[in-house]
Amino acid sequence: MSHPSWNRRDFIVKPVAGLAATHLLGSFSQLLGQEPEKKASAPETASEPIYRTLGKTGIRLPIVSFGVMNADVPGLVKRAYELGIRLFDTAAFYQQGRNEQMVGNMIQEMGVRDKVVISTKLLRPDFGRPGSEAQARTYTPSEVRSHFLEVFAGSQKRLQMDHVDILYNHACDNEAQINSEGALEALTQLKKEGKTRFIGVSSHSPELALKLATKSGVYDVVLITFNYTMAQDEGLLKAIDEAAKSGIGIVAMKTQSGGMMPPDPNRPRNLPPESQTAMLKWVLLHESITTSIPGSTRYEHLEQNFAVASNLTLTPAERDFVGDKKTVAEAQFCRQCGGCRGDCPLGVDIPVLMRSQMYAVQYSNRQLASQTLTLFTRGKGLDECANCETCKAKCRNSVEIAMKIRHLKELAANGALTA
C-alpha cells in the first residue's frame, strides 16, 4: 500500500483480483457499495445471515462465527447463539483450559449441542517452555501422537462432549509441523473413532498451509490469518481460491488485523470505529472464505461483528476507510512473512515477537502474549533485545518493529509478561 502508484481505485479493485471469475462481479459490485444480483446464498431478508458451505464437510455456516479465545463472560456464548452464530471456536490451552470449559458449560446449559459446530485445537508437545528439555528434544511420531490423544481427552472432559466437529493441528507455520506424522496419525485416529467429525490445520503462514493441505488431501479445514493488509498478496489470494475449489473448507482468523491499536501520542491517528466492520466485510467478500471467527469480549462488539453477516455492502464511511492508503500502515499488522528475520544480528525471531505484542497490546491478553513468548528457543527471544538501543530490523511491509519491541520490553520490565 506504500507504493506511490496506488490510488483509491487500486485498493478497491486489487483485493478481488485473485478471485475466480464467477465470484468477481458480485464481490466487486459490493465493494463499490452497489447491490449485487441475488444469489442462492444471499439472505431472504435483511436480518438473515448469509450462509456458506465449509468445503467438502458439507457443514453450512453463517459467514460470521465466534472466536471465543479471549472471552471470559459465559453470557457472550449465549448471546452469540441467540444472534444466530453457530460455530464456536476454542482451544485446549486458551485461558489454561477455562475457555473450553466455559463453552462446554454454556452449550450444555442451553441444550443446543446438536445445533452448533464446535472447533478446538491441539498444540504439539514442544510448543513453549524455552530452553527446557521439552522444547530442546526431538519427539518421535509415536510421542507426538500420544501427546495429541492425551490433550484431546482433556478437551473432551472440559467441553463435556463425546465429539467435536473440527479438531485442528494448531499453530503450524512450517511444512514439518503441518505434515507432522504423529499429529496426523492422532487426528485421523480420532476422526475414525468419531471423536471429531473433521480435522484441520491452523496457521499464520496461510499460503503454505493452504497449498500443503490441498496437496495432502488429509485435512478437511484450514484456519488461516487473512485480512485487508494482505490485499496485494496475489499468491495467497490464488491459494485461497484453489484450496476452496479442491474442497478445503477455509475459516479466516485475525480478520480485523488484530483489533484496534490503542491510543498513542506518537501516532497521527488511530483506526476509526467503522474500520472493524470494513475489515471484516473485506474478508468476507472473498467467497472462497466460508466463515470468519472474529473475537469478542464485549456484547456490543459481538453484535457489531454479526451485523456484517447479513449485508456485505460497505457504507460510505467503510468505503472511505478501505480507500485510504494510510490504513494498512496504521493497522500495524505483522503478516508473519519472516522477511525481517535476517536483519537482526542477534538472530531474534521477530515475527513471534510481533505476534506477542499484538496479543498483549491489541488483544489485551497478556497471558497469551506470555505463552507466545515461550515459543522461542534459547537466544532467540525478547531477552536478546534487552541491550539494544536501536533495532536494525526493518519490516518489508508497514510494521513499526522497534515500537512493538519497545512495548514488549516495557511490559516485561514491569512484570506484566514472562519473557
Side-chain angles (χ1 to χ4, degrees), residues 1-4 6 11 14-15 171 173 203-208 224-236 252-272 275-276 278-279 282-283 295 321-322 324-366 368-369 372-373 375-376 380-382 384-385 388-412 417 419:
M1 291 304 300
S2 61
H3 195 284
W6 271 82
F11 188 94
K14 289 186 179 182
D173 298 329
S203 180
H204 297 95
S205 300
E207 184 176 349
L208 176 67
I224 59 167
T225 300
F226 186 54
N227 59 58
Y228 83 126
T229 69
M230 303 170 175
Q232 296 183 74
D233 194 337
E234 294 183 4
L236 173 58
M253 62 178 172
K254 295 180 173 62
T255 50
Q256 283 115 311
S257 307
M260 295 280 284
M261 284 291 290
D264 187 334
N266 297 317
R267 300 181 62 77
R269 67 184 178 96
N270 292 278
L271 297 179
S275 66
Q276 301 305 294
M279 287 188 280
W282 184 91
V283 169
F321 173 80
V322 298
D324 186 344
K325 291 184 286 187
K326 298 178 182 178
T327 58
V328 170
E330 290 173 345
Q332 286 295 298
F333 182 77
C334 174
R335 306 179 202 176
Q336 302 288 297
C337 70
C340 58
R341 283 193 177 99
D343 297 343
C344 179
L346 300 177
V348 170
D349 193 339
I350 295 167
V352 179
L353 281 183
M354 296 299 96
R355 201 155 81 241
S356 301
Q357 192 272 353
M358 178 184 66
Y359 294 148
V361 177
Q362 291 170 254
Y363 281 26
S364 298
N365 189 335
R366 293 178 181 177
L368 182 59
T372 304
L373 286 172
L375 285 168
F376 294 107
K380 300 287 186 179
L382 184 61
E384 294 299 307
C385 301
C388 292
E389 295 184 2
T390 60
C391 183
K392 298 183 183 299
K394 302 297 180 185
C395 180
R396 274 49 176 178
N397 299 296
S398 57
V399 175
E400 297 174 29
I401 293 173
M403 174 196 72
K404 292 202 168 200
I405 290 178
R406 185 181 73 249
H407 286 167
L408 281 176
K409 289 166 72 172
E410 290 171 353
L411 288 170
L417 295 176

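No experiment lies behind these values; they were computed from the predicted model shown.
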Please answer whether the main-chain N or O of M230 pairs with a side-chain N or O of R335 as donor and acceptor at a distance below 3.5 Å. no
Using a 3.5 Å distance criterion without hydrogens, assess whether the side chain of S205 forms a donor-acceptor pair with backbone atoms of D173.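 The answer is yes, because a donor-acceptor pair under 3.5 Å joins these two groups.
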According to ring pair (Phe, Tyr, Trp, His ring centres under 6.0 Å), does anything in residues 324-360 pair up with another residue at least two apart or in another chain? List the pairs.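 Listed by first then second residue: Y359-Y363.
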Go through the steps to decide whether Q357 and Q332 satisfy the test side chain to side chain contact (heavy atoms under 4.5 Å, CB included), and finish with yes or no. CA-CA 11 Å; Q357 192 272 353; Q332 286 295 298; over 6 Å; no
Out of T327, N397, V328, V399, which one pairs with T229 under the side-chain contact (heavy atoms from CB on, under 4.5 Å) rule?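 Single pass found, and it is V328.
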With L382, the side-chain contact (heavy atoms from CB on, under 4.5 Å) member among V352, L353, L411: L353
When rounded to the nearest 0.5 angstrom, what is the spacing between [atom1] in [X] and [atom2] in [Y]?
X    : Y    : atom1 : atom2 : answer
E384 : C344 : CD    : SG    : 8.0 Å
H407 : L417 : NE2   : CG    : 12.0 Å
K404 : R355 : NZ    : CZ    : 12.0 Å
M354 : H204 : CE    : NE2   : 14.0 Å
M358 : N365 : CE    : CG    : 10.5 Å
C337 : L236 : SG    : CG    : 12.5 Å

How close do [X] and [Y] get, counting heavy atoms only, and between which atoms?
X    : Y    : answer
C391 : A402 : CB-CB, 4.0 Å
P351 : C334 : CA-SG, 4.4 Å
I401 : C395 : CD1-N, 3.6 Å
S257 : A331 : CB-CB, 4.1 Å
W282 : F226 : CZ3-CZ, 3.5 Å

N227 and M279: side chain to side chain contact (heavy atoms under 4.5 Å, CB included), yes or no, with the steps? CA-CA 7 Å; N227 59 58; M279 287 188 280; 5.8 Å; no
Given side chain to side chain contact (heavy atoms under 4.5 Å, CB included), test C388 with L346 step by step and report yes or no. CA-CA 10 Å; C388 292; L346 300 177; 3.9 Å; yes
The single option from K392, K394, R396 that satisfies side-chain hydrogen bond (donor to acceptor under 3.5 Å, both in side chains) with D343 is R396
Stepwise side chain to side chain contact (heavy atoms under 4.5 Å, CB included) check, L208 with S203: CA-CA 9 Å; L208 176 67; S203 180; 5.9 Å; no
